[in-house]
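Single-structure report; data block below.
Throughout, residue positions are numbered sequentially from 1 according to the sequence presented. Here the structure is a predicted model, which means the values were calculated and not measured. Quick note: numbers below take in every heavy atom, side chains included, and nothing from hydrogens, waters or symmetry partners.
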Amino acid sequence: MTPLRIGNASGFYGDRFDALREMLTGGPLDVLTGDYLAELTMLILGRDRLKDPGAGYARTFLRQLEECLGLAHERGVKVVTNAGGLNPAGLAAAVRELAGRLGVPVRVAHVEGDDLKARYPDGLAAHAYLGGYGIAACLRAGADIVVTGRVTDAALVTGPAAAHFGWPPHAYDRLAGAVVAGHVLECGTQATGGNYAFFREGDVRHPGFPLAELHADGTCVITKHDGTGGFVDTGTVTAQLLYETGGARYAGPDVTARLDTVTLTQDGPDRVRIDGVRGEAPPPTLKVGLNRLGGFRNEVVLVLTGLDIEAKAALVREQLAPAVGKVADARWELVRTDRPDAPTEETASALLRLVVRDADQRAVGRELSGAAVELALAGYPGFHLLAPPGKGAPYGIFEAVYVPHDAVDHTAVLPDGRRVPVPPPPDTAALTAVPEPPLPDPLPPGPARRAPLGLVAGARSGDKGGDANVGVWARTEDAWRWLAHALTVERFRELIPESRPLDVTRHVLPNLRALNFTVEGLLGEGVAAQARFDPQAKALGEWLRARHLDIPEVLL
């Protein structure tokens, strides 16, 4: 059987607008997916729907489809997307209206049942992460466009694969292979050189979007259209496999994929083969993303220039103390970007950042803003702000909770309007940690040099609610022999001081020559709360790579 070619044209709400057309015109495809949802996106869409009950979906997708619907139909490419967000039925209706207006005869279906707002009435949005079998039912019924709400990112691949190859729900190894392929594709150009630690090894100015050639046995090749920018190698794929994952068991609603069984092989230029993936029964519960409003937030960034930076910061903190003392939560951060005897005013300046949060908008808005502005002629020498303080904006809180599979009404709404219930998986298995595998033999003793970790290891980091993960991988077997023994939890805590009071877990993935660290609570209440300078931990891995430690000279 010929492979199923599944491409991706979106990794988030706001990704490259022209990607849909690029993927449809760049080469052959069978299915084109688009991932528009993230924890923060669900909060944004929830706020949209408060203003307009007919909103709640990613409007960008509709504009993209207006340009490309006829092209997808001509080329026989199925489109599967989670752009439905909080309102998949609304987006499906909008797509039908668009198709009628354009005169393109496509069949549209959607998947629903993820919305659990009635179960969690205090939340702004509460959505279970559904699997791929609702998508599969829509495609088997002849749908050309399938719109979903909150499904797992990988479900956009497992659904088309299960429909195309006829996989039953207990085909765990094959489903796990599709989950791994879906996880590599879900963030778009992160698999083709985007955000890559070793970005200088290829031309990543305009990376192409990835695609997977998926086979009936669950194996696949990750590649991209010929002639597009970026590059695909075992490093770019490893980086994406480690992104926002944890241990060896990667749980989902259809299957638990064993990341410790993944084997990557370079299969030619811009081609990486993934095989060996094993799967297990999914856990007995579904993850639910619960978003709620946490209060109001404001930020003031003061510029401190020249001499006496510390004293200037102390003065303004004292002057603003009466206003800041009224808020529930206040955080100051002095960022020393200044240099002595600097050739420009900008490089002679440091930034003092104040972030405040409170349930009362007035406390973080007018009172604080007024106090800051009143210092314009009464503050430290050279007083000015990066921007005028605002009135305070609402912020969100994300929480993951879990419900049994039968708590949702997973439903495929077919092109002819029939509603088909999607049954839960036939078997489940409680999620447990995998025993740590044996480590490789350490390198023999030898001279070492103080140097950045990034000279011998790559990293990629991200967020899951309030937790951060940092995946670190070695590029050679010798580097892996050193890394596996050198980068312990204790050493990680030394290199990342913020993690010292938090729970840090290290997961060992020998097949990928990788370590994956989970830092619980580093991001507070999630990205929408913006509790940290880098609220999604996107650059945490690059900070780790920039830290110095003793590295064997043989590796340098």
Q: Taking only Lys NZ, Arg NE, NH1 and NH2, and the carboxylate oxygens of Asp or Glu, determine whether Arg150 and Asp114 approach each other closer than 4.0 Å.
A: no

Q) Would you find a donor on one side and an acceptor on the other, under 3.5 Å apart, between the side chain of Arg460 and the backbone of Tyr243? A) no

Q: Output all residues satisfying side chain to side chain contact (heavy atoms under 4.5 Å, CB included) with Leu385, sequence neighbours left out; order by chain, then residue number.
A: Val300, Leu302, Phe383, Pro389

Q: For Arg366, check side-chain hydrogen bond (donor to acceptor under 3.5 Å, both in side chains) against everything at least two apart and list the hits.
A: none

**Q.** Shortest non-hydrogen contact between Ala155 and Gly131, atoms and distance
**A.** CB-C, 3.6 Å

(Q) Please report the interatomic distance OG1(Thr236) to CG(Leu264), rounded to the nearest 0.5 Å. (A) 9.5 Å

Q: Please report the closest heavy-atom contact between Leu65 and Leu20, naming both atoms and the distance.
A: N-CD2, 4.1 Å

Q. Between His215 and Glu213, is any side-chain donor less than 3.5 angstrom from a side-chain acceptor?
A. no

Q | Any donor-acceptor N or O pair under 3.5 Å, side chains Asp217, Thr219 | A | yes

Q | Closest non-hydrogen atom pair, Ala163 against Arg140 | A | CB-CG, 4.0 Å

Q: Look at the side chain of His183 and the backbone N and O of Gln240, then say whether any donor-acceptor pair between them is shorter than 3.5 Å.
A: yes

**Q.** CZ (Arg101) with more than 12 external heavy atoms under 6.0 Å
**A.** yes

(Q) Donor-acceptor check, side chain of Thr192 to backbone of Phe209, threshold 3.5 angstrom: yes or no? (A) no

Q) Rounded to the nearest 0.5 Å, how far does CG of Leu69 lie from CD of Gln64? A) 12.5 Å

Q: Answer yes or no: is there a side-chain heavy-atom contact under 4.5 Å between Phe231 and Val204?
A: yes

Q.
Check Lys117 with Asp115, please: is the shortest side-chain N to carboxylate O separation under 4.0 Å?
A. no

Q | Asp35 versus Asn8, side-chain donor and acceptor atoms under 3.5 Å | A | no

Q: Could you tell me whether Arg357 sits above the aromatic face of Tyr395, with NZ or CZ closer than 6.0 angstrom to the six-membered ring centre and within 45 degrees of the axis?
A: yes

(Q) Can you give me the closest heavy-atom contact between Ala191 and Val184, atom names plus distance? (A) CB-O, 3.5 Å

Q) For the residue pair Phe165 and Trp167, does the interplanar ring angle fall in the parallel (under 30°), tilted (30 to 60°) or perpendicular (over 60°) class? A) parallel

Q: Using the side-chain contact (heavy atoms from CB on, under 4.5 Å) rule, take Arg21 and Leu71 through it: C-alpha gap first, then chi angles, then the decisive distance, then the call.
A: CA-CA 8 Å; Arg21 177 174 292 278; Leu71 188 60; 4.1 Å; yes

Q: May I ask you to check if Arg59 and Tyr57 form a cation-pi contact, with NZ or CZ under 6.0 angstrom from the six-membered ring centre and within 45° of the axis?
A: yes

Q: Answer with yes or no after comparing the ring centroid distance for Phe61 and Tyr13 against a 6.0 Å cut-off, counting only values under it.
A: no

**Q.** side-chain contact (heavy atoms from CB on, under 4.5 Å) between Leu156 and Ile6, worked out
**A.** CA-CA 9 Å; Leu156 301 177; Ile6 303 179; over 6 Å; no

Q) Could you go step by step and tell me if Asp275 and Arg273 meet the side-chain contact (heavy atoms from CB on, under 4.5 Å) rule? A) CA-CA 6 Å; Asp275 56 22; Arg273 180 172 298 280; 3.9 Å; yes

Q.
Any non-hydrogen side-chain atom of Thr411 less than 4.5 Å from a side-chain atom of Val420?
A. no

Q: Decide if atom CG of Asp409 counts as having more than 12 heavy atoms of other residues, nucleotides or ligands within a radius under 6.0 Å.
A: no

Q.
Suppose we screen for side-chain hydrogen bond (donor to acceptor under 3.5 Å, both in side chains). Which residues come up paired with Thr228, at least two apart in sequence or across chains?
A. Lys224

Q. Backbone N or O of Leu4 within a donor-acceptor pair of the Asp30 side chain at under 3.5 Å?
A. no

Q) For Ala83, does its backbone N or O pair with a side-chain atom of Thr81 as donor and acceptor, under 3.5 Å? A) yes

(Q) Given 3.5 Å as the limit, does a donor-acceptor pair link the side chain of Arg5 with the main chain of Leu211, or not? (A) no

Q | Any side-chain donor near an acceptor of the partner, Arg271 and Gln266, under 3.5 Å | A | no

**Q.** Atom of Ala161, atom of Leu214 and distance for their closest heavy-atom approach
**A.** CB-CD2, 3.4 Å

Q) If you round to the nearest 0.5 Å, how far is CZ of Phe398 from CG of Asp463? A) 9.0 Å

Q) How long is the gap from CG on Leu86 to CG on Asp48, to the nearest 0.5 Å? A) 9.0 Å

(Q) Does atom CG (Asp416) have a neighbourhood of more than 12 heavy atoms from anything else shown, all under 6.0 Å? (A) yes

**Q.** Validation row: Glu67, Phe17 side chains within 4.5 angstrom (heavy atoms)
**A.** yes

Q. Does CD belonging to Glu97 count more than 12 external heavy atoms closer than 6.0 Å?
A. yes

Q: Indicate yes or no for a side-chain donor-acceptor contact from Arg297 to the backbone of Pro394 under 3.5 Å, with no hydrogens or angles considered.
A: no

Q: Determine, for Arg331 against Asp329, whether the closest basic-nitrogen to carboxylate-oxygen distance falls under 4.0 angstrom.
A: yes

(Q) Looking at Tyr250 and Leu241, would you say the former's side chain and the latter's main chain have a donor-acceptor pair under 3.5 Å? (A) no

Q. Considering only heavy atoms from C-beta outward, does the side chain of Asp467 approach that of Val519 to under 4.5 Å?
A. no

Q. Charged N to carboxylate O below 4.0 Å: is that the case for Glu542 and Arg545?
A. yes

Q. With a 4.5 Å heavy-atom cut-off, do Pro253 and Thr152 have their side chains touching?
A. yes

**Q.** Pairwise side-chain contact, Pro88 with Thr148, heavy-atom cut-off 4.5 Å (strictly under)
**A.** no

Q. Considering only heavy atoms from C-beta outward, does the side chain of Thr245 approach that of Leu259 to under 4.5 Å?
A. yes

Q. Using 4.0 Å as the upper bound for N to carboxylate O, is an ion pair formed by Asp144 and Lys78?
A. yes

**Q.** side-chain contact (heavy atoms from CB on, under 4.5 Å) between Asn87 and Arg49, worked out
**A.** CA-CA 9 Å; Asn87 189 8; Arg49 205 169 189 189; 3.8 Å; yes

Q: State, yes or no, whether a side-chain contact exists between Val408 and Leu286 at a heavy-atom distance under 4.5 Å.
A: yes

Q.
Please tell me whether Ser461 and Asn469 have a donor and an acceptor in their side chains that are separated by less than 3.5 angstrom.
A. no

Q) Is there a donor-acceptor pair closer than 3.5 Å between any side-chain N or O of Glu39 and the backbone N or O of Gly465? A) yes

**Q.** Reported CG-to-CD1 distance for the pair Leu124 and Ile44, which is rounded to 0.5 angstrom
**A.** 11.0 Å

Q: Give a yes or no on this: more than 12 heavy atoms of other residues, nucleotides or ligands lie within 6.0 Å of atom CD of Glu346.
A: no

Q | Ion pair Arg16/Asp18, N-O distance below 4.0 Å | A | no

Q. Which pair of heavy atoms, one from Ala128 and one from Leu116, lies closest together, and at what distance?
A. CB-CD1, 4.1 Å

Q. With no hydrogens and no angle check, is any side-chain donor or acceptor of Asp203 less than 3.5 Å from a backbone partner on Gly230?
A. no

Q: Report the distance from atom SG of Cys68 to atom NE2 of His73, rounding to the nearest 0.5 Å.
A: 14.5 Å

